[in-house]
Structures are given as structure tokens and as C-alpha cells.
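In what follows, a structure is listed as C-alpha cells, so that the remarks can point back to it.
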Amino acid sequence: SQQGEEDPQALSIQEGENATMNCSYKTSINNLQWYRQNSGRGLVHLILIRSNEREKHSGRLRVTLDTSKKSSSLLITASRAADTASYFCATAGTQGGSEKLVFGKGTKLTVNP
Amino acid sequence: EAQVTQNPRYLITVTGKKLTVTCSQNMNHEYMSWYRQDPGLGLRQIYYSMNVEVTDKGDVPEGYKVSRKEKRNFPLILESPSPNQTSLYFCASSYGPWYEQYFGPGTRLTVT
């Protein structure tokens with residue numbers, strides 16, 4: 001299926017440490033996106049990486065994409081308590097002839113002060 | 001300010017009582033969609049709309065209806081809600097399904 005699967009499901013770290021989350025998927029994609037969700041709130045777009053890109057940065061975020069392994073990783077450097085949230089990957093591809101964006105189940109990140 | 005609004009934010013209702021959750025965006029986006037989020041199941045798409053008067057089923061459309069009469073509005077209708085529709089609902093809009101999605105704040109629905 002196109003759906004991305006995040007790993008780990010939950011991650012707990014100390015403030016200042018780096019957090020790495022992974023996303024694996026099964027079919028070819030146009031792009032892959034990462035979103036953040038604070039508890040019970042709407043998702044917020046973080047970064048989009050196209051299938052022909054290998055790495056992208058935005059502030060303390062670094063995203064890599066390996067299309068040969070069908071996987072992506074999101075690295076948050078020097079984490080802060082405010083980074084506590086759930087993080088979702090979403091894969092943009094074609095399903096049944098239609099363009100689709102399919103979300104994974106998320107990684108719950110807890111950053112302890 | 002660019003935003004997607006949803007109303008109501010919280011709703012408790014009884015089985016069978018028709019309800020509508022409104023969604024509106026001010027970014028002139030063609031594409032709008034509805035998702036439900038349930039613990040352990042992630043976000044699942046209910047319906048989407050590529051433009052005015054063009055709607056299509058997502059992954060979990062049963063028990064829901066939508067309409068798109070104006071570009072900015074995309075209401076979600078539950079004609080006869082059931083307890084298994086208790087969930088957190090999100091509306092989103094964008095320039096297309098592969099673009100960055102803008103999400104509303106969510107509507108927490110409880111059906112008893």
C-alpha cells in the first residue's frame with residue numbers, strides 16, 4: 001500500500017538531544033511530507049521533499065529521502081520541550097488512477113525538560 | 001490570515017440526529033478534504049473535492065455526505081450518526097492532493 005509507516009511509534013528524549021523518526025512506504029511516490037500535530041489540534045505542515053531530492057533542511061529539521069529503500073527520516077536537532085507532539089509522514093502518489101496523499105499513523109515524541 | 005475554520009469544535013449528539021460540520025477556507029484553494037482521526041488508526045480520508053461541484057469518496061465514506069457549492073466551503077453531513085462515528089474530524093485545503101495541506105483545528109464529535 002502507499003501508506004507510510006512511522007517508526008518508532010513513540011519516542012521519549014531529553015531536551016537538547018536529537019530526535020530521529022523514520023517513515024517507510026511501499027509504492028512509488030511524487031513527494032513525501034512531514035506534519036506535526038500538537039495534542040488534539042490540527043496538523044501543521046513541516047516540510048515537503050520531492051522524489052528527486054535526497055535531503056532537505058528547514059531550521060532544526062532535516063529530512064532525508066531514499067527512494068531505493070522507500071524510506072524517509074525526520075531529524076529534529078537540539079530538541080525543545082515545545083517539540084513534544086505527534087509527527088506524521090504523508091506520501092503523495094497515485095492510487096487507483098487518482099492522486100492521493102496518504103498519512104501514516106504517526107510517531108509520538110515526548111521531549112522532557 | 002490564511003486559515004481553515006471548522007464549526008463546531010465540540011459536539012455531543014445522539015444516535016440518528018442529523019448534523020452538519022462546516023468547513024471554510026480563505027486561501028482560494030481548489031482541493032478540500034475531510035479526515036477522521038482515531039487512536040491507532042491515524043488519519044483516514046472520508047471525502048475530497050477537487051473543485052466546486054466535484055466530490056469523490058475517500059477511504060471511509062460510509063455514513064457521510066458532502067457538498068461543494070462554493071469554492072470556500074465544504075460541509076460534512078452525517079444524516080444518521082451512529083456511535084462508531086465518534087471521532088476527531090479534520091477539514092483540510094490545498095492547491096491539490098499532492099501539495100501542502102492546511103488543516104482546520106478539528107471537531108471532536110461524540111455520538112451516544
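So that the names make sense, note that chain A is the first sequence line, chain B the second, and so on, each numbered from 1. Heavy-atom basis, side chains included; hydrogens, waters and symmetry copies ignored.
Both B/Phe103 and B/Leu88 sit in one connected hydrophobic cluster of ILVMFWY residues. Membership requires side-chain heavy atoms under 4.5 Å apart, directly or through other members. Residues B/Val60 and B/Val111 share a hydrophobic cluster, clusters being chains of Ile/Leu/Val/Met/Phe/Trp/Tyr side chains in contact below 4.5 Å. Linking Ile, Leu, Val, Met, Phe, Trp and Tyr whenever their side-chain heavy atoms come within less than 4.5 Å leaves B/Tyr99 and A/Leu32 in two separate clusters. A single hydrophobic cluster is not seen to contain both A/Phe103 and B/Tyr89; linkage of ILVMFWY side chains at heavy-atom distances under 4.5 Å, directly or through other members, places them apart. Taken together through direct or relayed side-chain contacts under 4.5 Å among Ile, Leu, Val, Met, Phe, Trp and Tyr, B/Trp34 and B/Phe90 form parts of separate hydrophobic clusters.
Taking CG of B/Leu43 as the reference point, atom OH of A/Tyr35 lies at 10.0 Å (rounded to 0.5 Å). Distance CG/A/Asn31 to CD/B/Glu100: 11.0 Å, rounded to 0.5 Å. Residue A/Leu101 holds its CG atom at 12.5 Å from OH of B/Tyr48, rounded to the nearest 0.5 Å.
No more than 12 heavy atoms of other residues, nucleotides or ligands lie within 6.0 Å of CZ in A/Arg50, so this atom counts as exposed by the packing criterion. No more than 12 heavy-atom neighbours from other residues, nucleotides or ligands sit within 6.0 angstrom of NZ on B/Lys65. Within a 6.0 Å sphere centred on NZ of A/Lys56, heavy atoms belonging to other residues, nucleotides or ligands number more than 12.
Across B/Gln6, B/Gln37, B/Gln45, the residue that shares the most heavy-atom pairs under 4.5 angstrom with chain A is B/Gln37. The residue among A/Lys105, A/Arg41, A/Glu99 with the most heavy atom pairs within less than 4.5 Å of chain B is A/Glu99. Comparing A/Gly40, A/Gly106, A/Gly104, A/Ser86 by heavy-atom pairs within less than 4.5 Å of chain B, the highest count is held by A/Gly40.
Proximity to chain B (any heavy atom under 4.5 Å) is shown, for A/Gln9, by neither the backbone nor the side chain. Within the 4.5 angstrom heavy-atom criterion, only side-chain atoms of A/Leu48, from C-beta onward, approach chain B. The part of B/Arg108 that comes within reach of chain A is its side chain, from C-beta onward, which places non-hydrogen atoms under 4.5 angstrom from that chain. Within the 4.5 angstrom heavy-atom criterion, atoms from both the backbone and the side chain of B/Gln101 approach chain A.
Panel note: side chain B/Tyr102, backbone A/Val44; no donor-acceptor pair is recorded below 3.5 Å. The closest donor-acceptor contact from the side chain of A/Gln33 to the backbone of B/Trp98 lies under 3.5 Å.
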